[in-house]
Undergrad: 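I'd like to ask you about the structure that follows.
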Amino acid sequence: MIKAVRGTRDLLPPDTALWNLVEDTVRDVFRAYNFHEIRTPVFEETQLFARSVGEETDIVSKEMFTFEDRGRAQSDKGQSLTLRPENTAGVVRAYIEHKLWDRGLSKLFYIGPQFRRERPQKGRYRQFYQIGAEIIGPPTAGSESPARDAEILTLLATLLDRLDIKDWTLELNSVGCVNDRATYNEALRKALEPVAAKMCADCQRRAVTNPLRVFDCKVPEDQPIIETLPRISQYLDEPCRKHFEAVQAILTATGIAFTLNDRLVRGLDYYTRTAFEFTHGALGAQNAILGGGRYDGLSESLGGPPAPGIGFAIGEDRLVMSLTQSAESAQRKPDVYIAPLGADMNIHAARLARELREHDVAVELGDESFRMKKSLETASKLGARYALIVGGDEVASDVFALKDLQTGEQRPIPRAELATTLQSR
Ligand code: HAM
């Protein structure tokens, strides 16, 4: 038997009803915050991720699904392609490719699959879904303003509230800008020099190539050493400190609670200044429901003009896991089950079904092989509110018996009134 690939999974009804509920809600919230949808390709040139997410990150060094795309011709050297492990790089590539700066500030959102070859476990998949958003634009359009950071964080609080997700914690940090990073990296290198030999192989390498990435280490024995390393908060320059204070002031004024965590550096290289994660208690080990931050130099490093930006991505799989609502209750049940009584009634039933569906009534259509009792049982099992009986007398009079399956009451309804009767239930 051929099964779904390890780390991937099928989403089936009724679970998909919850996913749709989440997506409908987030689309409403994005509309309220004036974000518009962008859809970028699922695969990109490998170089895009190496240059944005960073060579030394776990994502690029270990987790990407990369393949050589070769044509048939001998001369075709092939091109290295990668299934996107995240969507910020693709959005910034599209921003540059389509010269979106002409439009001022771009406020974009996306919903779609991402791919990382991680060890599968609860809340961690190799194909997972992200709901993300980015605000990006020329500095003249206000893209650098702390008001944008606060807008993103407020949007997230609104979203989680709308989905009735409580118990979340917003962890906030500033990882500084290019200037701070140079001095901070130097300090980290110095601090790591005498201790790196006692750390894991990855950390020994990171200590030299990209010391910030030491903070991504999950090896328990390395944690006491990492605990002693200098904190980025001590290395922020004046503009970065001011920016961070301004973000916090807006959050406090808008009533959004946060916890400062100066060890939060995020596992991607492009971050500058504000970085954040929302965690949720009920999720267990994989408790980061979403993460994000600023990436003020990313456009330039991909060959574009200055285009400061900030964004986030929610792990939709984890978001759905943290909902309290049941999938069963999110699934729309048929409003009516149409029961044709007899072989020549199928045609009439099909006509009625079509008419009602055009009025947005959810219809399940039975067929004549069922007797009345069996039809009513099937209708109840499906959770239909009504059964509509289509027999010879009904067709002749154009008045149909509508049975309320909750109360058991049955009423004759003229054809012309059926749709309104069912809509007003
Ligand atoms: P990230 O922290 O790598 O950030 O991923 C964001 C979220 O995606 C995580 O918090 C988690 O909920 C979910 N996620 C990541 N990996 C998996 C997985 N293997 N299985 C299930 N869920 C997963 C980014 O991707 C950045 N692009 C976010 C961003 C946008 N920063 C600025 N703009």
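Remember, it's 1-based here, ligands and their atoms both numbered in the order they're listed. The structure presented is a predicted model; accordingly, all values stated were derived computationally and were not measured.
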Undergrad: If the plane angle is over 60° it's perpendicular, under 30° parallel, otherwise tilted; pick one for Y235 and Y184.
TA: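 Y235 and Y184: tilted rings.
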Undergrad: Can N87 and T40 be counted as having a side-chain donor-acceptor contact under 3.5 angstrom?
TA: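 Indeed, the side chains of N87 and T40 share at least one donor-acceptor pair under 3.5 Å.
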Undergrad: Name the orientation class of the two ring planes belonging to F109 and F30 (parallel below 30°, tilted from 30 to 60°, perpendicular beyond 60°).
TA: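 Because their plane-to-plane angle is under 30°, the rings of F109 and F30 count as parallel.
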Undergrad: Just to verify, which of R126, K122, R9 counts as forming a salt bridge (charged side-chain N to carboxylate O under 4.0 Å, His left out) with D317?
TA: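 The passing option is R9.
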Undergrad: Is the shortest side-chain heavy-atom distance between C177 and D237 below 4.5 Å?
TA: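 When only atoms from C-beta onward are counted, D237 and C177 do touch, with a gap below 4.5 Å.
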Undergrad: Has R357 got more than 12 heavy atoms of other residues, nucleotides or ligands less than 6.0 Å from its CZ?
TA: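 Count over threshold, so yes.
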Undergrad: Students should find this: residues with any non-hydrogen atom under 4.0 Å from ligand 1. What is the answer?
TA: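 Protein residues near ligand 1 are E86, T88, Y110, R116, E118, G123, R124, Y125, F128, Q130, E134, R266, L268, Y270, Y271, A288, I289, L290, G291, G292, G293, Y295, G311, F312, A313, G315, R318.
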